[in-house]
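Worksheet: one structure, shown below.
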Amino acid sequence: MPGIDYSQKIPNNVDLASDKRLQRALEKWQPSYIDWWRGMGPTDFNENEVYLRTAVGVDKDGWAHFDYVKMPDYRWGIFLHPQEAGRKVGFGDHMGEDAWQAVPGEYRNSLRRIIVTQADTEPASVEQQRLLGHMAPSIYDLRNLFQVNVEEGRHLWAMVYLLHGFFGRDGREEAEELLERRSGNPDHPRILGTFNEPCTDWLSFFCFTTYTDRDGKFQLLSLAESGFDPLARTCRFMLTEEAHHMFVGQTGLGRVIERACEIMKSGKDVKAEGGIPLEIVQKYINYWNSSSNDLFGGEISSNASNFFSGGLKGRAYEEKLDTDHKALEGVYNMEVFENGALAKREVPLRNAMNEILRDEYVKDNEKGTEYFNKICRRHEVDFQFELPHRRFNRSIGMYSEGRFDLKGNVLDEATWQERQSDWLPTEDDRAYVQSLMKPCYEKGKMASWLAPPSKGLNNNPVDYEYVRL
Ligand code: BYC
């Protein structure tokens with residue numbers, strides 16, 4: 001297995017030096033990327049040394065390397081999971097054929113579209129989070145934010161390698177565009193909805209890394225099955241990085257909940273003590289979870305069917321599933337929304353691939369909800385977190401045509417208008433959360449609204465100097 005070559009301008013494990021054209025093209029893109037980072041990344045912290053984790057290998061232990069790095073000097077590179085000899089396409093119409101090492105002509109446009117959509121989310125999230133460093137609740141959290149940011153930058157590199165390496169001139173043009181679109185810019189927005197939403201407080205950041213990054217996990221799991229082998233190998237390695245982002249989100253929300261529970265248990269008022277009431281946490285969960293549900297696309301999708309039949313995008317864990325990998329027969333029983341009402345309908349399996357992936361996502365989210373409820377029970381606080389129903393507050397797909405409550409029941413417009421402030425953050429809720437967003441940079445100290453983590457990083461104490469300010 002080739003290790004990562006750090007002697008090159010662009011660290012990589014794909015023997016970039018042997019492909020001079022590709023190397024030149026990527027080295028030409030590199031300064032534009034650094035310019036983008038210096039302008040749109042966490043700009044005001046470019047000169048600080050941050051205790052970051054860098055990949056030195058693509059195996060399980062390859063993550064062991066931690067060191068102080070100034071973010072613009074981070075070694076963004078191209079790291080692919082090792083090639084599996086004799087790998088075959090594992091699903092769809094081409095099942096059993098050799099996995100493709102080049103882009104099949106007939107799927108060029110679809111593959112480019114999938115890769116560009118995935119790629120676009122990476123710089124978008126860095127842009128969304130760029131000002132959060134100014135209001136971090138601790139140095140430990142500040143470092144985690146920056147770790148997430150540099151890894152999203154690396155994910156962009158991973159996708160740009162595919163665009164440059166396999167899509168010729170179109171790919172190079174798409175790579176340029178990835179540095180030109182801007183999160184939330186009405187004239188030149190990012191492609192997917194959630195990635196244009198403002199993320200200007202840390203409660204949103206923890207929800208984003210819990211729910212939006214978890215969408216990333218499932219999209220990557222399905223692309224890791226792709227018959228286009230370089231895409232599959234790229235996504236397999238990205239998944240190892242994604243896990244840390246969800247850890248940041250899940251434990252971050254857990255600590256906010258824990259702090260509120262501690263205050264409640266002591267009989268004091270959560271707001272008076274500078275905590276975040278659990279009802280507000282639930283509303284933020286409702287908001288970010290529903291937006292992230294949109295990221296799976298429409299419930300019935302011919303795009304998804306084509307991606308599956310072409311062997312481009314499988315189901316999560318497709319290889320391990322004990323099932324018909326062609327999905328030609330069988331149906332998905334869906335509750336469709338038609339003429340203002342829900343009705344049961346059998347949908348051909350291939351057309352339901354987005355929904356099948358969303359099912360896995362919902363299951364994984366439910367485990368997260370249970371983790372939050374355990375914290376409440378441990379503190380003997382009588383509060384039950386609930387995951388909103390997938391129909392709630394949607395902007396994409398058939399359920400965006402109607403209004404639904406948190407349990408997925410159909411509502412009329414008037415009831416929705418009357419009730420939505422009970423379910424989604426109001427201006428007042430947002431103003432309150434924003435009022436707490438003050439930096440807490442004293443070593444080992446935490447802001448008033450969250451509990452300390454149970455341990456520090458890489459066997460260091462919680463009060464370690466994770467960022468040299
Ligand atoms: N917002 O057939 P449909 C991550 C569009 S996150 C706006 O229903 P399809 C990360 C769609 O483009 C993972 N538009 O959907 C996390 C289409 O437009 P056109 C990102 C949307 O194509 C945190 C139309 O609606 N990965 O990694 O089956 C931090 C109808 O499309 C949205 C990927 O996205 C939306 N939410 O499925 C950092 C994987 N949803 O063509 C990173 C690659 C749909 O009619 N992408 N539309 O103009 C895909 O597999 C698919 O494009 C989607 C959409 C699943 C996203």
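Note that ligands are numbered from 1 as they come in the structure, with each ligand's atoms numbered from 1 the same way. Computed from a predicted model, the values in this text were never measured in an experiment.
Proximity of atom 48 (O) of ligand 1 to the protein is not indicated, since no non-hydrogen protein atom lies closer than 4.0 angstrom. In this structure, atom 42 (C) of ligand 1 is in close contact with the protein, since a protein heavy atom lies within 4.0 Å of it. In this structure, atom 24 (C) of ligand 1 is not in close contact with the protein, since no protein heavy atom lies within 4.0 Å of it. Distance check on atom 28 (O) of ligand 1: some protein heavy atom falls below the 4.0 Å cut-off. Under the 4.0 angstrom criterion, atom 45 (O) of ligand 1 counts as lacking any protein heavy-atom contact.
Note on ring orientation: taking the six-membered ring where Trp is involved, the planes of Phe195 and Phe208 are perpendicular (angle over 60°, cut-offs 30° and 60°). The aromatic rings of Trp449 and Phe206 are tilted relative to each other, their planes meeting at an angle between 30° and 60°. Ring orientation note: the planes of Phe45 and His134 are tilted relative to one another, at an angle of 30° to 60°. The aromatic rings of Trp100 and His94 stand perpendicular to each other, their planes meeting at an angle above 60°, with 30° marking the opposite boundary.
Only one option out of Thr200, Leu142, Val148, Leu145 pairs with Leu132 in a side-chain contact (heavy atoms from CB on, under 4.5 Å); it is Leu145.
Among all protein heavy atoms, the one lying closest to atom 6 (S) of ligand 1 is Asp215 OD2, 3.1 Å. Of the protein's non-hydrogen atoms, the one nearest atom 1 (N) of ligand 1 is Gly193 N, 2.9 Å. At the shortest separation from atom 36 (N) of ligand 1 among protein heavy atoms lies Asp294 O, 3.2 Å. Closest protein heavy atom to atom 53 (C) of ligand 1: Leu295 O, 4.2 Å. Among protein heavy atoms, atom 19 (P) of ligand 1 sits closest to Arg113 NH2, 4.3 Å. Given atom 16 (C) of ligand 1, the protein heavy atom at minimum distance is Thr212 O, 3.4 Å. Ranking protein heavy atoms by distance to atom 30 (C) of ligand 1, first place goes to Asn303 ND2, 4.5 Å. Protein heavy atom in closest approach to atom 52 (O) of ligand 1: Thr117 CG2, 4.0 Å.
For ligand 1 and Glu152, the ligand atoms under 4.0 Å from any heavy atom of the residue are 29 (C), 38 (C). Close contacts of ligand 1 with Gly298, meaning ligand atoms under 4.0 Å from a residue heavy atom, involve 3 (P), 8 (O), 15 (O). With ligand atoms numbered from 1 in the order given, ligand 1 contributes 9 (P), 15 (O), 28 (O), 37 (O) to contacts under 4.0 Å with heavy atoms of Asn354. Shown in contact with Ser125 at under 4.0 Å from a heavy atom are these atoms of ligand 1, numbered in order with element: 29 (C), 38 (C). Near Asp213, the atoms of ligand 1 lying under 4.0 angstrom from a non-hydrogen atom of the residue are 16 (C), 23 (C), 29 (C). Residue Lys313 has at least one heavy-atom neighbour below 4.0 Å for each of these atoms of ligand 1: 49 (C), 50 (O), 55 (C).
Contacts between Phe296 and ligand 1 below 4.0 angstrom, taking non-hydrogen atoms only, involve the backbone exclusively. Contacts between Ile191 and ligand 1, counted as non-hydrogen atom pairs separated by less than 4.0 Å, involve the backbone only. Of the heavy atoms in Leu192, both backbone and side-chain atoms come closer than 4.0 Å to ligand 1. With a 4.0 Å heavy-atom cut-off, ligand 1 is reached by the side chain of Phe195 but not by its N, CA, C or O. Using a 4.0 Å cut-off between heavy atoms, His155 makes no contact with ligand 1 at all.
Between Arg358 and Glu299 a salt bridge is recorded (basic side-chain N to carboxylate O distance below 4.0 Å). Looking at Asp359 and Arg390, a side-chain N of the basic residue comes within less than 4.0 Å of a carboxylate O on the acidic one, giving a salt bridge. No salt bridge links Arg87 with Asp98; every basic N to acidic carboxylate O contact stays at or beyond 4.0 Å. With respect to the salt-bridge test (charged N to carboxylate O, under 4.0 angstrom), the residues Asp364 and Lys367 qualify.
In terms of N/O distances under 3.5 Å, ligand 1 is approached by Ser301.
Aromatic ring centres of Tyr287 and Trp423 lie farther apart than the 6.0 Å criterion allows. For an aromatic pair to be called close, the ring centres must be under 6.0 Å apart, and Tyr107 with Phe307 fails this. Taking the six-membered ring for Trp and the full ring otherwise, Tyr51 and Tyr68 have centroids separated by under 6.0 Å. Between Trp36 and Trp29, the gap from one ring centroid to the other reaches at least 6.0 Å. Centroid-to-centroid, the aromatic rings of Trp37 and Trp76 come within less than 6.0 Å. Ring-centre distance between Trp288 and Tyr284: not below the 6.0 Å cut-off.
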